[in-house]
Amino acid sequence: MQKLTRTAVTAAAGAVMALALTGAGAAVVTVATAPAAAAAGTGAQGWETAGAFDTQQECAAAGDAGVAAGSWTNYRCVLFEARWDLMIPA
C-alpha cells in the first residue's frame, strides 16, 4: 500500500511539473523507449510500471520527480497502447 501511495504522490508531482514545464516553454528531454512488450503487466525483466500518462512529457516529469525524491535511480517512458508507461527498476 505504501508503494501505491508513493506512486500516486509521485505521479501528481510529475503532472504539476509537466504543467510548469509546458507553461514555461522549456524543453523536455526525451527518455529512452522500449518495445511494447516491456509495458506488459509485470513489465520487462527487472522493471515494473509505476504509472501511465497521456504524454511523454508528463511521464518524464514524473520519472524525474521520482529520481529527485530518491524513490528510484532511473526510469523509462514506454509508449504502450496510446499511453506512456513509467517503468522503474523492480
Side-chain angles (χ1 to χ4, degrees):
M1 187 64 164
Q2 181 182 17
K3 191 172 196 175
L4 179 62
T5 302
R6 181 181 66 196
T7 301
V9 169
T10 302
V16 170
M17 288 177 62
L19 291 173
L21 288 173
T22 303
V28 176
V29 176
T30 302
V31 295
T33 59
T42 58
Q45 249 183 343
W47 294 86
E48 64 183 51
T49 305
F53 302 89
D54 293 327
T55 67
Q56 185 179 14
Q57 291 81 10
E58 290 174 345
C59 181
D64 289 339
V67 170
S71 299
W72 47 77
T73 56
N74 60 354
Y75 65 92
R76 293 180 183 171
C77 288
V78 180
L79 184 59
F80 181 69
E81 296 183 359
R83 301 274 299 179
W84 287 93
D85 287 346
L86 175 61
M87 305 295 289
I88 60 171

Trp72 side chain reached by Val67 side chain, heavy atoms, under 4.5 Å: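 The answer is yes, as the side chains (C-beta and beyond) meet within the 4.5 Å cut-off.
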To check you understand the geometry: which heavy-atom pair defines the closest contact between [X] and [Y], and what is its length?
X     : Y     : value
Cys59 : Arg76 : SG-O, 4.5 Å
Gln56 : Trp84 : N-CD1, 3.2 Å
Cys77 : Ala60 : SG-N, 3.5 Å

With sequence neighbours excluded, residues passing side-chain hydrogen bond (donor to acceptor under 3.5 Å, both in side chains) with Asn74: none
What's the separation between atom OH in Tyr75 and atom CG in Asp85, rounded to the nearest 0.5 Å?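 Tyr75 OH to Asp85 CG: 14.5 Å, rounded to 0.5 Å.
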